[in-house]
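Below is one structure, written out as structure tokens; the observations come after it.
Numbered from 1 within each chain, the chains take letters A, B, ... in sequence-line order.
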There are 2 protein chains.
Amino acid sequence: MNQVTDSEPRKARRRGDARRAAAAGGAGQAALVQQASGQAKLLFEPVRIVSDDELESLHVASLEVLETIGIDVMLPEARDYFLDAGASIDGERVRVPGDLIMQAISTVPSRFAFHARNPANTLQLGGGWLAFGTVASAPNSSDLERGRRPGNLKDFRNFLKLAQSFNCIDFMSGYPVEPIDVHPSVRHLVALKDMALMTDKPFHAYSLGLERIRDGIEIARIARGVGNQQLETEPSLFTIINTNSPLKMDVPMLQGVIEMARRNQIVCITPFTLSGAMAPVTISGALVQQNAEALAGIALTQLVRPGAPAIYGGFTSNVDMKSGAPAFGTPEYMKAAMVGGQLARRYDIPYRTSNTCAANAIDAQAAYESVFSLWGVTMGGGNLVMHGAGWMEGGLVASFEKFVLDCDLIQMVKSFLQPLDLTREALGLEAMREVGPGGHFFGCAHTMARYESAFYSPLISDWRNFEQWRASGSPQASDKAQAILKQVLGSYEKPATDPAVEEELEAFVAKRTEEGGAPTDF
Amino acid sequence: MNQVTDSEPRKARRRGDARRAAAAGGAGQAALVQQASGQAKLLFEPVRIVSDDELESLHVASLEVLETIGIDVMLPEARDYFLDAGASIDGERVRVPGDLIMQAISTVPSRFAFHARNPANTLQLGGGWLAFGTVASAPNSSDLERGRRPGNLKDFRNFLKLAQSFNCIDFMSGYPVEPIDVHPSVRHLVALKDMALMTDKPFHAYSLGLERIRDGIEIARIARGVGNQQLETEPSLFTIINTNSPLKMDVPMLQGVIEMARRNQIVCITPFTLSGAMAPVTISGALVQQNAEALAGIALTQLVRPGAPAIYGGFTSNVDMKSGAPAFGTPEYMKAAMVGGQLARRYDIPYRTSNTCAANAIDAQAAYESVFSLWGVTMGGGNLVMHGAGWMEGGLVASFEKFVLDCDLIQMVKSFLQPLDLTREALGLEAMREVGPGGHFFGCAHTMARYESAFYSPLISDWRNFEQWRASGSPQASDKAQAILKQVLGSYEKPATDPAVEEELEAFVAKRTEEGGAPTDF
């Protein structure tokens with residue numbers, strides 16, 4: 001079993017880094033004191049907010065959708081997979097019998113490893129394990145100092161520095177912000193090379209046609225320093241497929257699904273089913289549609305290659321029916337995240353969900369929408385948590401300070417998930433005997449032996465009393481996030497890379513750039 | 001069964017009020033559009049973060065504490081109850097055998113009604129029901145306009161207006177802020193009369209000696225317009241007992257326990273076990289101590305009167321070991337809130353917990369600490385949620401805008417707890433058939449029939465796009481809370497009261513004031 005927990009070598013290296021930075025005194029900023037790396041695991045049963053019978057009614061309705069309404073599959077090659085398996089085809093519309101779907105998805109592995117070039121960062125997906133990723137795909141970036149601007153390569157790279165520096169970030173969910181100052185034909189080459197070299201954590205490639213996804217797989221292979229055969233037994237790249245809800249899958253995404261599955265890389269099918277807009281106005285209806293689309297996409301991965309790693313993605317939220325604006329971190333979002341987990345577990349497939357918010361500022365709203373999201377995500381049994389840090393404005397902005405704030409929230413969730421120490425010594429009877437009625441525990445032996453690591457140490461929370469807090473200028477949580485942001489960007493260290501790997505990556509990107517990159521005419 | 005759900009007459013009356021206020025045009029502010037009243041109920045199993053065996057080890061250790069270390073019981077009369085039942089007494093120290101404790105607490109009702117003078121506001125405590133109360137006992141109050149100041153009667157009364165106006169507030173947890181401009185000898189008379197007349201929701205009286213608790217019971221009786229006998233069959237007042245942790249109970253609180261239990265009113269024993277300060281530095285140790293103290297106090301209520309309504313209170317959090325400052329809404333708090341619920345359910349006793357935060361400002365920290373608290377509280381099976389709205393700075397401040405923010409958070413939790421509609425019509429297959437692949441659901445029949453009430457409508461969340469939001473002055477969530485605060489204070493209506501009840505209350509308070517109120521020399 002390839003469990004990923006705190007790896008001693010990695011921790012030791014980081015401690016060494018911190019000492020070195022401190023010793024350098026001014027040559028660089030001190031590294032942040034933060035939680036050790038290592039995936040969190042849910043040690044209790046995820047919450048079931050609908051009964052087994054109710055869950056079955058959602059499942060059955062989804063199969064009915066696929067059988068009677070069907071789904072538009074725009075790529076002939078993809079339709080052929082369904083046709084060969086026994087589905088009926090009418091133009092682009094594919095109608096799939098329920099037993100075909102269930103037969104196909106039965107080969108999805110319930111748990112698998114997602115390999116990073118640094119083995120200490122390889123992730124377990126499924127089986128109660130959680131992995132938290134960065135924000136992805138935002139068209140804009142923002143920070144408190146310089147405000148909101150279109151995505152660009154400099155900001156993109158700074159987000160990678162944060163992703164690499166924060167131990168709680170397990171993977172790159174995609175481009176944290178779109179580097180729109182890089183031409184679309186070669187953007188994937190520049191961005192993927194950066195992700196592979198500036199971080200040593202696992203990453204994502206977009207399914208925007210065949211060339212880009214092939215480039216992504218090749219960059220992942222080179223970065224890991226393995227051959228094609230080893231890559232096929234060790235999934236090292238993932239792609240998110242947001243179906244064109246309702247009930248449609250376009251050509252570039254289908255090319256991605258087929259190529260990734262064929263190479264045994266990870267495909268996550270995530271219908272973006274906004275209830276009231278691209279999905280029914282009822283959350284149950286949106287879940288039926290989400291489930292139908294997810295099952296169809298996952299079935300395709302297995303028709304291409306039985307046993308290929310796939311993930312069930314849920315992204316059902318609602319719109320504000322007064323304005324049509326999308327809403328996130330709502331009560332509806334929480335319920336959908338939890339039922340999505342129940343559905344994924346019904347099929348025994350790892351579950352992807354997200355940390356969301358619709359706020360425009362790093363205020364109370366940003367925090368409560370994010371924590372409500374994390375509540376739904378965590379208690380609902382999420383495995384791959386996309387947009388874990390930095391997502392704002394419903395995905396229109398990647399915020400630097402929100403990234404820091406979210407890292408604190410993720411650390412808190414991971415600390416919450418650490419089991420209580422229930423050994424006889426921890427129960428503290430001797431301490432209570434020593435202190436006795438009416439005393440206090442500040443200096444007793446039990447406390448002195450444990451106080452340094454007894455409790456979670458937050459990045460942001462300001463627990464000073466009001467007078468001290470006011471005397472220091474009444475800082476808000478966002479001010480503290482800003483200070484930490486500068487500290488982390490200032491202490492970033494590029495992970496070690498085999499020079500041969502770096503050379504091969506550079507050569508590959510140079511060659512593909514010279515060839516003109518990928519087509520941009522879709 | 002006396003279930004409390006949305007009562008049609010009450011909803012109709014409120015809608016009428018809103019129309020009247022709107023028609024008056026400027027004569028008063030329009031009433032807030034808010035969630036209908038009615039208690040929330042947990043429709044799924046609360047989370048179990050420790051196994052049954054682990055829970056048993058906490059239970060057994062607590063009994064060992066009471067048997068071998070014991071608890072200091074300062075009131076001779078209270079010691080006599082324990083002595084008569086078979087405990088051993090050594091000075092003030094009482095050592096209680098485990099089977100005595102278990103025998104005594106076996107008579108606590110697992111669920112009971114907490115009666116309000118308006119029957120529509122009578123609460124169910126236990127059995128999966130949740131009730132959310134106001135902030136209580138803050139020495140200071142604050143609002144964004146006038147800042148932080150010592151508690152006073154005017155602010156106290158404004159908090160009562162909020163408590164009465166927000167449907168999501170089920171009860172008064174105590175004095176929202178201490179009206180320190182009223183002399184301590186008569187403060188309870190003034191404050192309890194206000195709570196009884198300015199609201200028609202159930203309330204709390206402090207156990208600060210025999211006179212005050214007797215006055216509280218009498219005011220609750222008069223407000224309900226019932227005789228002593230009916231009062232004894234219909235609990236109409238509750239008191240919180242914060243044991244003097246570690247392992248001590250003082251004279252005034254013990255007088256309160258005995259008098260309240262004797263009259264069949266509700267006693268909630270809540271050890272305030274701050275891990276690392278008044279309790280062991282391990283959360284498991286703090287829980288053992290919490291459990292020992294809670295069981296001792298609850299046992300006393302049953303030794304006084306078997307079957308008296310009692311509540312298991314949990315308030316284990318941690319301190320910042322660097323500064324000694326108390327911390328709330330932490331991962332440790334969440335775990336303690338959940339295990340507290342497991343313990344209370346093991347004894348089949350209703351469970352009290354709290355919505356907490358340590359923030360100094362209404363910023364992201366205030367929000368995330370509160371939502372993390374509500375996460376622990378809700379998923380942990382809390383029944384009576386103290387400090388539901390307005391608590392800041394670890395209880396040192398009752399904030400008006402935080403009160404409004406918390407009401408939005410509570411409404412969201414209650415909305416989350418409403419079950420999904422899983423009827424065939426809700427599943428939306430006809431809508432999907434109508435819309436078809438590639439369409440949208442904005443105007444379809446399924447949407448038009450449901451859109452007005454499909455989703456939770458927040459008080460505070462700003463879902464406008466960035467440009468609209470910036471054009472309106474880039475408001476923060478706290479600004480929106482401030483605007484709602486003014487609206488709600490401006491539209492408060494005093495609930496109807498029988499003139500005879502009001503007269504009797506005034507007369508009682510006048511008489512007791514003339515007698516000098518209650519002693520202040522402890």
Practice task
Apply the test ring-ring contact (aromatic ring centres under 6.0 Å, His included) to residues B:Phe372 and A:Trp375: give CA-CA distance (whole Å), side-chain angles for both, the deciding distance (0.1 Å), then the verdict.
Solution key: CA-CA 8 Å; B:Phe372 277 126; A:Trp375 176 344; 9.4 Å; no
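Contacts of A:Ala426 with chain B are made by both backbone and side-chain atoms, with heavy-atom separations under 4.5 Å. Contacts of B:Gln476 with chain A are made by both backbone and side-chain atoms, with heavy-atom separations under 4.5 Å. Both the backbone and the side chain of B:Arg433 come within less than 4.5 Å of a heavy atom of chain A. When heavy atoms are compared at a cutoff of 4.5 Å, B:Ala61 approaches chain A by way of both its backbone and its side chain. For B:Arg470, no part lies under 4.5 angstrom from a heavy atom of chain A. The contact between B:Gln418 and chain A is made by backbone and side chain atoms together, counting heavy-atom distances below 4.5 Å. Neither the backbone nor the side chain of A:Val397 comes within contact range of chain B; no heavy atoms are under 4.5 Å apart. For chain A, the nearby part of B:Glu332 is the side chain; its heavy atoms alone come within less than 4.5 Å. For B:Asp408, the part lying near chain A is the side chain, with the backbone staying farther off; criterion is any non-hydrogen pair under 4.5 Å. Contact of B:Met432 with chain A is made through backbone and side chain together, with heavy-atom distances under 4.5 Å. When heavy atoms are compared at a cutoff of 4.5 Å, B:Leu405 approaches chain A solely by way of its side chain, counted from C-beta outward. For B:Lys322, the part lying near chain A is the side chain, with the backbone staying farther off; criterion is any non-hydrogen pair under 4.5 Å. For B:Ser457, the part lying under 4.5 angstrom from a heavy atom of chain A is the side chain only.
Counting heavy atoms from C-beta outward, A:Ser461 and B:Tyr368 have side chains that approach closer than 4.5 Å. Two residues are said to be in side-chain contact when any heavy atoms from C-beta on lie closer than 4.5 Å; B:Phe455 and A:Thr330 fail this criterion.
A donor atom on one side chain and an acceptor atom on the other are not found under 3.5 Å apart for B:Glu393 and A:Trp463.
Of all the listed residues (A:Ser415, A:Ala358, A:Ala325), the one sharing the greatest number of non-hydrogen pairs under 4.5 Å with chain B is A:Ser415. Ranked by heavy-atom pairs under 4.5 Å with chain A, the first of B:Gln365, B:Lys248, B:Met321 is B:Gln365. Each of B:Ile71, B:Asn244, B:Leu287, B:Val47 has some count of heavy-atom pairs under 4.5 Å with chain A, and the biggest count is that of B:Val47. Among the candidates B:Asp363, B:Val319, B:Leu247, the residue making the largest number of heavy-atom pairs closer than 4.5 Å to chain A is B:Asp363.
B:Arg450 is linked by a salt bridge (charged side-chain N to carboxylate O under 4.0 Å, His left out) to nothing, counting only residues two or more places apart in sequence or in another chain.
A salt bridge links A:Glu467 with B:Arg148: at least one charged nitrogen is closer than 4.0 Å to a carboxylate oxygen.
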